[in-house]
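Side chains included, hydrogens not; waters and symmetry mates left out as well; all remaining heavy atoms used. Computed from a prediction, not measured in an experiment: that's the story for all the values here.
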Amino acid sequence: MPALSITFDGLPSGARSAIEAETGPILKIDNVSTGLNSSLSALGHTADGVLFLKGLRADHRWVWTQQREADINPYVTPLAPRLLFHVIADGWDVLGFEAIDGHHADYSPGSPDLPKVTEALRELASLPCPDIELRHAEQRLAGYVAAPADAEAFAGNALLHTDWNNHNVLVTHDRAHLVDWGWATRGAAWLDPAHWIIWLIAAGHTPSAAEETVASLPTWALAPPRAVDAFADASANLWDEIAGSAPDDWTMNLLNAARVWQQHRSNRS
């Protein structure tokens, strides 16, 4: 279930005061769509510029993702926006990031954003995986494979983002930036291109065209075909679980994309 949204003015006074102790007086707030993983999502305007605020209640079951983002940020800038502060006050956990003046990536066929996203994947693959607490891909997907041994193909020591929702990719004039690192994972390097393929299919690509989009990435070239097949199966099972018995249109689109890719992989010669 998505986190319930709140505006900046709806925060307890102690949380607002702790934020402004870091930023100085906030002169204007633009509350923006929170997506699924945060309750507070807002642009704060101060005398020094604009910053992005992201927060969850300190007792929320996903609050650990806030600490994960704080821990990983020094290792992923400038691919990710720089973290300015992390405060926990009056029952709220809030991160403050430099604001990126860009648009959400367009994944549709022929989009001029696709080469920039591909380059971001290439840049991510060049980053060493930091020695911090991260989930492991083979553990995250173990419940969705046909046999436990299949999940071992997802193990590795690469740093993965894993959540390639186009709202997590902000495109500026010269590059793509990755935001929302709460689900960062340690695993096989080819998994991030594989995750992106499902989003490409959901945006209108055929499975073959989606795979061709990532074909130039060295990490994808090294992906064992049988392991990719197992990942496609696991992804279809995962999205089926997320969809549940009454999926909304957004979730159903991702489930259908995962199933189409699963079928494509099962039909390959």
Side-chain angles (χ1 to χ4, degrees), residues 68 72 75-76 79-80 105 107 113-132 134-166 168-169 175-178 180-203 205-239 254 257-269:
R68 180 65 42 78
I72 204 167
Y75 303 98
V76 296
L79 182 58
Y107 288 167
D113 293 345
L114 298 180
K116 293 179 181 178
V117 180
T118 303
E119 188 56 36
L121 274 159
R122 194 185 305 274
E123 183 177 351
L124 175 55
S126 73
L127 299 178
C129 191
D131 186 20
I132 61 174
L134 291 171
R135 292 195 167 186
H136 291 246
E138 67 274 22
Q139 296 169 349
R140 285 185 60 184
L141 295 169
Y144 305 101
V145 292
D150 292 342
E152 292 306 312
F154 309 146
N157 199 39
L159 173 62
L160 307 173
H161 183 280
T162 75
D163 188 357
W164 288 84
N165 185 331
N166 69 306
N168 292 337
V169 184
R175 63 171 302 151
H177 301 261
L178 302 186
D180 199 349
W181 287 81
W183 294 91
T185 298
R186 188 187 308 273
W190 55 269
L191 284 171
D192 263 338
H195 280 288
W196 190 35
I197 282 173
I198 295 172
W199 289 91
L200 289 170
I201 295 171
H205 295 254
T206 66
S208 294
E211 291 182 357
E212 182 62 27
T213 300
V214 304
S216 65
L217 294 168
T219 53
W220 181 253
L222 297 175
R226 289 187 180 276
V228 177
D229 296 344
F231 177 80
D233 289 340
S235 296
N237 293 333
L238 172 61
W239 280 105
L254 270 297
R259 286 173 171 170
V260 166
W261 190 39
Q262 178 188 36
Q263 187 62 46
H264 172 77
R265 295 299 304 184
S266 68
N267 289 342
R268 68 185 181 88
S269 55

Q: Work out which heavy atom in His161 is nearest to a heavy atom in Asp192; give both atom names and the distance.
A: N-OD2, 2.8 Å

Q. So, do His195 and Phe231 have ring centers that fall under 6.0 Å from each other?
A. yes

Q) Does the Thr162 side chain pair with the main chain of Trp183, one donor and one acceptor, at a distance under 3.5 Å? A) yes

Q. Taking C-beta and beyond as the side chain, do Glu212 and His205 meet within less than 4.5 Å on heavy atoms?
A. no

Q. Using the ring of each side chain (for Trp, its six-membered ring), is Trp220 parallel, tilted or perpendicular to Trp190, with breaks at 30° and 60°?
A. perpendicular

(Q) Quick one, Arg122 and Thr219 - any side-chain contact, counting heavy atoms below 4.5 Å? (A) no

Q: Tell me, with the steps shown, if Asp163 and Trp181 meet side-chain contact (heavy atoms from CB on, under 4.5 Å).
A: CA-CA 8 Å; Asp163 188 357; Trp181 287 81; over 6 Å; no

Q) Are any of the side-chain heavy atoms of Trp261 and Leu200 separated by less than 4.5 Å? A) no

(Q) Testing the basics here: between Ser235 and Ile198, what is the closest heavy-atom pair and its distance to 0.1 Å? (A) CB-CD1, 3.4 Å

Q. Does Ala230 offer a backbone N or O that forms a donor-acceptor pair with the side chain of Asp150 under 3.5 Å?
A. no

(Q) Would you say CZ of Arg226 has more than 12 non-hydrogen atoms from neighbouring residues, nucleotides or ligands within 6.0 angstrom? (A) no

**Q.** Minimum side-chain heavy-atom gap Val76-Leu159 below 4.5 Å
**A.** yes

Q: Over all heavy atoms of both residues, which pair between Arg186 and Glu138 is shortest? Give the atoms and the distance, please.
A: O-OE1, 4.3 Å

